[in-house]
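Below, chains carry the letters A, B, ... as their sequence lines are ordered, and counting in each starts from 1.
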Amino acid sequence: MPYEMTDLERLRHSSAHVLATAILRIWPEAQFAAGPPVEGGFYYDVELEHRITPEDFPRIEKEMLAIVAANQPFEREEISRENALKLGQSGRLAALSNRTMPSKFKMDILREIPEGEVITLYRNGEFVDLCAGPHVVSTASIGAFKLTHLASAFYRGDERNPQLQRIYGTSFSTPEEMDAHFAILEEAKKRDHRKLGKDLRLFHIDDSVGQGLILWCPAGAIIRQELQNFLSTELRLQGYQQVFTPHIARLNLFRTSGHFPYYAESQFPPIIERETLLSLASENCSCAELANHVQEGEIDGFLLKPMNCPMHIKIFTSQPRSYRHLPLRLAEFGTVYRWEQSGELSGMTRVRGFTQDDAHLFCTKEQIDTEIQNCLGLVNKVLKAFRMENYRVRVGLRDPASCKYVGSPENWNHAEDACHKAVTQLGVLYSEEEGEAAFYGPKIDFVIKDILGREWQLGTVQVDFNLPIRFGLSYTGPDGKPHVPVMIHRAPLGSLERFVGLLIEHFAGDFPLWLAPEQTRILPVSEKFADFAQSIVNLFVQSGIRASADLSSEKIGAKIRLAQVEKVPYMLIVGGREQASGQVSVRSRKNGEEGTLPIDDFQRRIQFEIESREL
RNA sequence: GCCGGCAUAGCACAGUGGUAGUGCAGCUGAUUUGUAAUCAGCAGGUCGUCGGUUCGAAUCCGACUGCCGGCUCCA
């Protein structure tokens with residue numbers, strides 16, 4: 001598929017060629033694979049005996065600078081497949097001259113190019129590369145560049161292939177743009193939720209508890225609780241009912257749902273009952289045999305739930321249902337556990353135990369369209385409440401070539417149609433992507449972009465024609481006959497862990513008042529006014545405002561500084577004048593001094609700000 | 001999981017084979033303060049864990065654990 005490169009991508013792609021040229025000047029034997037532009041820069045994958053380290057960067061950058069200064073034009077040349085292969089055989093592709101070793105990766109890539117497609121070379125100076133282009137006019141167009149970091153990557157991302165050294169860099173047409181880029185990176189580093197989470201004591205991950213398992217500290221717990229309260233209110237308004245279900249369930253439940261065999265690789269291993277284990281041990285059962293028994297369903301056990309749906313289904317089936325009960329909307333802040341690969345874990349955004357703001361809607365086929373629309377409306381409303389508006393909507397459809405999907409084609413068509421209609425009605429930008437559906441049904445994902453341009457999947461709405469069949473769900477219709485309901489899974493925030501992680505970065509730790517763990521701090525100018533300060537705290541706490549007093553013997557400047565650093569939204573400075581008049585001197589974190597107000601007035605003001613969830 | 005880098009006090013860091021340090025935070029005392037850091041003292045460490053080399057290891061070697069960056073973007 002032809003893809004239009006942006007000007008910046010073209011510049012960075014050309015920068016990758018300059019990087020390769022520079023590396024070849026130092027190590028002529030280097031073998032290159034792919035060198036594309038990426039978000040924030042470019043890279044080139046190289047196979048080289050010498051292990052490149054950051055200490056090599058100045059040397060490579062010096063050569064790159066010389067190549068840029070030499071103003072080498074990029075020349076495009078069409079070539080026949082035979083001649084390209086000949087060049088590759090003599091090591092001339094991605095090289096400065098002929099070499100003893102053939103350009104193996106380039107020849108491999110060459111063989112992948114479909115018959116009939118135009119094959120092109122790009123040259124700058126002595127460097128020749130097999131490349132579809134396009135490129136900038138000349139190396140001098142690269143106004144600023146810098147090598148940034150190293151990584152390793154398997155050729156074509158397949159771990160059976162050779163391991164290559166990946167050298168990352170970035171480039172821009174002017175030094176000013178590059179400075180701005182690094183300034184943004186610096187800012188992003190300050191906003192990193194892993195750093196802020198530690199500084200502001202929001203959460204903690206402890207090795208002795210386990211990788212990817214979040215401990216919510218008191219301050220973080222307040223934020224989570226506020227989010228849950230906010231959502232719970234919305235759920236009540238939209239006719240949901242909240243439920244609670246356990247963290248584990250019998251393995252057979254997940255065999256029925258299909259999660260166990262299908263997601264086995266991404267689940268914590270099953271828990272086998274002690275008696276079962278002892279009896280198997282007495283038969284000298286090996287681990288392999290045990291695993292086989294579990295796999296084949298010959299013994300039961302328990303599983304940490306990877307999904308909440310089967311439990312909600314069991315609440316659905318706990319009593320006879322009729323069409324009058326539908327739609328039945330069961331919601332739960334349900335914690336699920338998934339076995340993410342250790343290298344994939346990161347802070348709160350990629351974890352092994354997380355809490356979904358989950359719900360399952362049981363409805364009739366006729367109700368699907370309305371329910372999906374309402375779900376999308378809810379997600380939209382929630383994201384707007386945080387002014388997280390930099391997102392796109394992705395509709396995941398079947399991959400027509402794959403047979404991994406469960407459910408009849410008719411049902412899939414119906415579901416995909418309903419998603420399409422709902423997204424269209426929502427009136428937001430969306431893309432429909434084949435192969436992105438879940439195995440049980442099509443889905444609509446909300447993908448949000450963070451400050452670094454990384455995309456995170458948050459909210460999701462998924463239609464499921466499959467589970468109702470697997471669990472034999474039915475309701476009595478107006479005709480008095482049983483009918484199969486349709487299920488919709490949906491989570492507006494996705495997971496509270498990931499959402500809070502992104503929220504920390506979104507607000508850079510400066511939470512709006514309604515989310516702030518400590519909303520206001522009373523700062524007496526001296527210990528003489530400690531009692532007055534404490535009385536204000538008591539008053540506020542009784543009214544549900546999160547307040548505390550700094551009764552240390554520090555000077556007022558130090559108290560203010562500490563409150564600023566700890567990102568407390570409001571500071572109330574109190575001394576003799578305030579005590580005499582029953583007032584407080586208000587200082588806001590954002591705007592500094594805001595003048596003196598009667599205590600009641602200030603209290604009303606922030607209560608309004610809290611209740612309206614002002615940003 | 002794989003590759004690379006990293007691991008020293010609660011946090012940020014110094015210390016490259018010879019008695020483990022600095023700043024902030026903490027505790028104690030003094031100070032009683034008016035809008036972003038008052039002063040002094042004290043305490044805090046099996047230098048991630050285990051093993052090896054050495055007269056001697058935070059430092060050199062190995063394994064493990066954890067963290068960070070990558071591992072999709074293809075000529």
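Of the charged side-chain nitrogens involved, at least one lies within less than 4.0 Å of a carboxylate oxygen, so that A:Arg350 and A:Glu340 count as a salt-bridged pair. Look at A:Arg191 and A:Glu187 and you find a salt bridge, because one of the NZ, NE, NH1 or NH2 atoms lies within 4.0 Å of a carboxylate O, short of that distance. The residues A:Arg123 and A:Asp129 are annotated as not salt-bridged, no charged nitrogen and carboxylate oxygen being separated by less than 4.0 angstrom.
Between the P atom of B:A30 and the CD atom of A:Glu554 lies a distance of 15 Å, rounded to the nearest Å. Between A:Ile573 atom CD1 and B:U35 atom P the separation is 9 Å, expressed in whole Å. Whole-Å rounding puts the A:Asp192 CG to B:A12 P distance at 12 Å. A straight line from CD of A:Glu9 to C1' of B:C73 spans 10 Å, rounded to a whole angstrom. Atom CD in A:Glu527 sits roughly 9 Å away from atom C1' in B:U31 (whole-Å rounding). A:Glu39 places its CD atom 13 Å from the C1' atom of B:U72, with the value rounded to the nearest Å. Taking atom OH on A:Tyr168 and atom P on B:C74, their separation rounds to 13 Å, with Å as the unit. Remark: C1' of B:U33 and CD1 of A:Ile560 are 12 Å apart, rounded to the nearest angstrom.
Side-chain N/O atoms of A:Gln165 and base N/O atoms of B:G70 include no donor-acceptor pair closer than 3.5 Å.
Across all strands, A:Gly557 comes closer than 4.0 Å only to sugar-phosphate atoms, never to a base (heavy-atom distances). Using a 4.0 Å heavy-atom criterion, one finds that A:Ser346 contacts no nucleic acid atom at all. A:Arg166 comes within contact range of the sugar-phosphate backbone alone, with a heavy-atom separation under 4.0 Å but no base atom that close. Residue contacts for A:Gly592: at a heavy-atom cut-off of 4.0 Å it reaches no nucleic acid atom on any strand shown. Within 4.0 Å of A:Ala132, counting heavy atoms only, lies at least one base atom of the nucleic acid. Note on A:Glu578: a base of the nucleic acid sits closer than 4.0 angstrom, heavy atoms only. Looking at heavy-atom distances under 4.0 Å, A:Arg577 makes contact with a base.
With a cut-off of 3.5 Å on both pairing distances, the Watson-Crick or G-U wobble partner of B:C42 is B:G26. Remark: B:U49 base-pairs with B:A63. Criterion, Watson-Crick or G-U wobble with two distances under 3.5 Å. Base pairing analysis places B:G18 opposite B:C55; the two distances defining the Watson-Crick or G-U wobble pair are each below 3.5 Å. In this structure, B:C71 and B:G1 make a Watson-Crick or G-U wobble pair, each of the two defining distances being under 3.5 angstrom. Under the Watson-Crick and G-U wobble criteria, each requiring two contacts below 3.5 Å, nucleotide B:A9 is left unpaired.
Rounding to the nearest 0.5 Å places OH of A:Tyr155 at 8.5 Å from CG of A:Leu164.
Among the nucleotides B:U35, B:U32, B:C74, the one closest to any side-chain atom of A:Ser553 is B:U32. Here the side chain of A:Asp207 is nearest to one of B:G70, B:U35, B:U65, namely B:U65. Which of B:C74, B:U38, B:G69 sits closest to the side chain of A:Arg194 comes down to B:G69. Checking B:C73, B:A37, B:A36 against every side-chain atom of A:Gln564, the shortest atom distance belongs to B:A36. Closest contact between the side chain of A:His149 and the listed nucleotides B:G34, B:A36, B:G69 involves B:G69. Among the nucleotides B:U35, B:A37, B:G70, the one closest to any side-chain atom of A:Arg561 is B:A37. For A:Ile556, whose side chain is taken as the heavy atoms from C-beta onward, the closest listed nucleotide among B:G34, B:G1, B:G70 is B:G34.
Contact annotation: A:Lys555 does not reach the phosphate of B:U31 (side-chain N/O to OP1 or OP2, under 4.0 Å). Listed pair A:Gln341 / B:C2 fails the phosphate criterion, with no side-chain N or O lying under 4.0 Å from OP1 or OP2.
Here, B:A43 and B:A7 have their P atoms 29 Å apart, quoted to the whole Å. Using C1' as the reference atom, B:A37 and B:C60 are 43 Å apart when rounded to the nearest Å. Rounded to the nearest Å, the gap between the C1' atom of B:A20 and that of B:U8 is 8 Å. Annotation: B:U28 and B:G21 have their P atoms spaced 25 Å apart (nearest Å). The same atom, P, is picked in B:A36 and in B:G29; the two are 29 Å apart, to the nearest Å. Straight-line distance between the P atoms of B:U72 and B:A9: roughly 35 Å, to the nearest whole Å. Distance check on atom C1': B:G52 versus B:G5 gives 24 Å, rounded to whole Å. Taking atom C1' in both B:U49 and B:A25, the straight-line distance is 27 Å, to the nearest Å.
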Salt bridge (charged side-chain N to carboxylate O under 4.0 Å, His left out) evaluation trace for A:Glu518 with A:Lys567 = CA-CA 9 Å; A:Glu518 186 179 353; A:Lys567 300 186 188 291; over 6 Å; no
message = Show, in sequence, the C-alpha distance, side-chain angles and deciding distance for A:Arg392 and A:Glu432, and conclude whether the salt bridge (charged side-chain N to carboxylate O under 4.0 Å, His left out) test is met.
response = CA-CA 11 Å; A:Arg392 66 190 179 93; A:Glu432 298 194 323; over 6 Å; no
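Residues A:Ser588 and A:Glu594 have side chains that bring a donor and an acceptor to within less than 3.5 angstrom of each other.
With contacts defined as side-chain heavy-atom distances shorter than 4.5 Å, the pair A:Ile23/A:Ile60 qualifies.
Residues A:Gln211 and A:Lys198 both approach RNA chain B. Their nearest nucleotides, taken by heavy-atom distance, put A:Lys198 toward the 5′ side.
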